[in-house]
Amino acid sequence: MAENKFSSLQGFKLEDLLSKDGVTFEIGEQYYDDEDEEFAYTSFAQYSNEEMLDMLNMNDFSDDEIDKQETNILLHGISFAKLKKKMTSLIADQKVMKYIKQKGVGEVIPNNAQVTVHYVGYFEDNDEPFDSSYVTGRPRTLRLGQDLIIPGLEIAIASMCKHEIAVFWMHPDYAYKAMGCLPRIPPNAEVIFIVHLFDFIDNGSADTYYNLSLEEKQSFPNVVESVKHMLVTAKDHFAKQRIKQAIREYKKVVDFLDMVKLKDDIEEEKIKKLLSRTCTNLGICYNKLNMPRNACLACNRVPIPTAKTHYNFGKALLSIAEYDEAMNELQKAHKLDLHNQCIKKAIQQTNMKQREYLEIEKRLWKNCFKSEENKTKLTEFRKAARDLCDSVQNNIVRQPLPEGFTEEELEIIREEAATSGLNIVRHIRYGKEIVYIQKNNA
């Protein structure tokens, strides 16, 4: 088996952990920061609470009179009769009806597929759902065509595409029938389900996948096939400005690529290209959300950087006032794409921001008041500090302060920062303390 030659795919063996010398893990500290849990990929957490509340908002069904009274109409606030007016029937007798809240991607799922869904079920006039996968925090995975769920839900899910969110109404004949299931399910109850289809595996693939060994599941062909579908989904999220969902999907791709066991240099080169594409796009997403340190981490993982990689790395570095490093990345981008106007504009902006900072730095040093006779410079020093805060407010996430100020001078800068709604933070980097002015959400 060929040895993995780049760090992002390297692992360790049990014998390494048991050796007398132990194992040393190296973590790059230059742009290290704890990743935002909101974007962490897990197989169970796909939406934040805020996103779920937004998904359950049923303004699509409200009429003008209701709109005048309320801005957020939840499902339990609308009659099923009103819901059905906006729905289309899935079967001839019109006893299972559907409304799409969020369009999916790709084709409708095949018969007898294995699906992964989140769902919420309501009875009419009930404030609380009678059933919900969100109670456990885990989506439910099941096989269609196995009589494991009520007939209406089987028909409903079989009509969906990957990543679709839809509302379904079901007549009692396709739900819990005339008897119900007391005390929880009343007799002859109409039901509504909101279903989010995360993923599916067709019948043949589902059978094949579960018969694979762990080593086979980590093989290059099996992982790459899954990754291709994930990249299409991430691209669709990004195109529809669902940036958080795109981030989760790209992080999921990175996790899959990291677990591949490579057989030869050809597979390694293909994995490098996929990882480069994924991490570059991840950097773009983080820049879109103004999260430059996360963008730096993503771009720093790219094994084969392109002009797009260097450009987005440079933009992220500029946002945290790393002017020299930003210029270095942007110059690399310019060499790879000489006629790109966005790169040229970013280089000009970096030059301008660095000149502005250096000018303010000179003013601060010129007007610092370390001795009694220089205390008359207090006003000018405070004005320079205020201008420094203004520069942070304008397209910069954070700005390191020059070294050597007294505590009294730092207090003046802290006062001006507070007035501008900024924070003063201290951070250990390269073994020494650096003081930053930064925005509250940085």
Test your reading of the model: is there a side-chain donor-acceptor pair from [X] to the backbone of [Y], 3.5 Å cut-off?
X: Glu164; Y: Val105; answer: no
X: Glu154; Y: Gly145; answer: yes
X: Ser133; Y: Tyr119; answer: yes
X: Glu267; Y: Lys263; answer: yes
X: Ser276; Y: Ile304; answer: yes
X: Lys98; Y: Ser159; answer: yes
X: Tyr176; Y: Val191; answer: no
X: Glu124; Y: Phe80; answer: yes

To the closest 0.5 Å, what do you measure between [atom1] ([X]) and [atom2] ([Y])?
X: Met87; Y: Trp169; atom1: CE; atom2: CH2; value: 9.0 Å
X: Leu262; Y: Leu257; atom1: CG; atom2: CG; value: 10.0 Å
X: Leu83; Y: Phe168; atom1: CG; atom2: CZ; value: 13.5 Å
X: Leu197; Y: Thr116; atom1: CG; atom2: OG1; value: 8.0 Å
X: Phe256; Y: Leu231; atom1: CZ; atom2: CG; value: 11.5 Å
X: Cys389; Y: Ile413; atom1: SG; atom2: CD1; value: 8.0 Å

For the student: nearest non-hydrogen atoms of [X] and [Y], plus distance:
X: Cys299; Y: Thr309; result: SG-O, 4.0 Å
X: Ile157; Y: Ile109; result: O-CD1, 3.3 Å
X: Gly314; Y: Ala326; result: O-CB, 3.5 Å
X: Val397; Y: Pro292; result: CG2-CG, 3.6 Å
X: Asp324; Y: Gln354; result: OD1-NE2, 3.0 Å
X: Thr306; Y: Leu336; result: C-CD1, 3.8 Å

Does Lys177 have more than 12 heavy atoms from other residues, nucleotides or ligands lying within 6.0 Å of its NZ?
yes

Are there more than 12 heavy atoms of other residues, nucleotides or ligands under 6.0 Å from atom NZ of Lys288?
no

Of all residues at least two apart in sequence or in a different chain, which pass the side-chain contact (heavy atoms from CB on, under 4.5 Å) check with [X]?
X: Glu415; result: Arg382, Glu411
X: Asn328; result: Lys332
X: Leu142; result: Val115, Arg140, Leu144, Ile149
X: Asp93; result: Ile91, Lys95, Tyr174

How about [X] and [Y]: do any of their side-chain heavy atoms sit closer than 4.5 Å?
X: Ile243; Y: Phe238; result: yes
X: Glu107; Y: Cys161; result: no
X: Met170; Y: Leu153; result: yes
X: Met97; Y: Leu90; result: no
X: Ile271; Y: Val223; result: no
X: His163; Y: His237; result: yes

Could you walk me through whether Lys353 and Leu318 pass the side chain to side chain contact (heavy atoms under 4.5 Å, CB included) test, one step at a time?
CA-CA 9 Å; Lys353 289 292 181 184; Leu318 175 59; 4.2 Å; yes

So does Lys272 pair up with Glu268, basic N to acidic O under 4.0 Å?
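Glu268 and Lys272: salt-bridged.
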
Does Arg301 pair with Asp258 as a salt bridge, N-O distance under 4.0 Å?
yes

When the ring centroid of [X] is compared with that of [Y], is the distance short of 6.0 Å?
X: Phe130; Y: Phe123; result: yes
X: Tyr250; Y: Tyr286; result: no
X: His118; Y: Phe198; result: yes

Working for side chain to side chain contact (heavy atoms under 4.5 Å, CB included), residues Asn351 and Met327
CA-CA 8 Å; Asn351 270 324; Met327 184 60 73; 3.4 Å; yes

How far apart are the C-alpha atoms of Glu329 and Asn312, what are their side-chain angles, what is the distance that settles it, and do they pass the side-chain hydrogen bond (donor to acceptor under 3.5 Å, both in side chains) test?
CA-CA 9 Å; Glu329 291 297 326; Asn312 281 279; over 6 Å; no

Any residue meeting side chain to side chain donor-acceptor pair (under 3.5 Å) with Arg277, in chain and number order, not counting sequence neighbours
none

Residues that Asp199 engages under salt bridge (Lys or Arg N to Asp or Glu O under 4.0 Å), provided they are two or more places apart:
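By the salt bridge (Lys or Arg N to Asp or Glu O under 4.0 Å) rule, Asp199 matches Lys162.
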
Could you walk me through whether Asp236 and Lys240 pass the salt bridge (charged side-chain N to carboxylate O under 4.0 Å, His left out) test, one step at a time?
CA-CA 6 Å; Asp236 180 73; Lys240 295 176 180 176; 3.4 Å; yes

Candidate pair Arg242 and Gln102, rule side chain to side chain contact (heavy atoms under 4.5 Å, CB included), full reasoning
CA-CA 11 Å; Arg242 299 195 294 261; Gln102 174 181 292; 3.9 Å; yes

Side chain to side chain contact (heavy atoms under 4.5 Å, CB included) assessment of Val302 paired with Leu275:
CA-CA 7 Å; Val302 175; Leu275 188 66; over 6 Å; no

Show your reasoning for whether ring-ring contact (aromatic ring centres under 6.0 Å, His included) applies to His310 and His334.
CA-CA 9 Å; His310 291 303; His334 180 61; over 10 Å; no

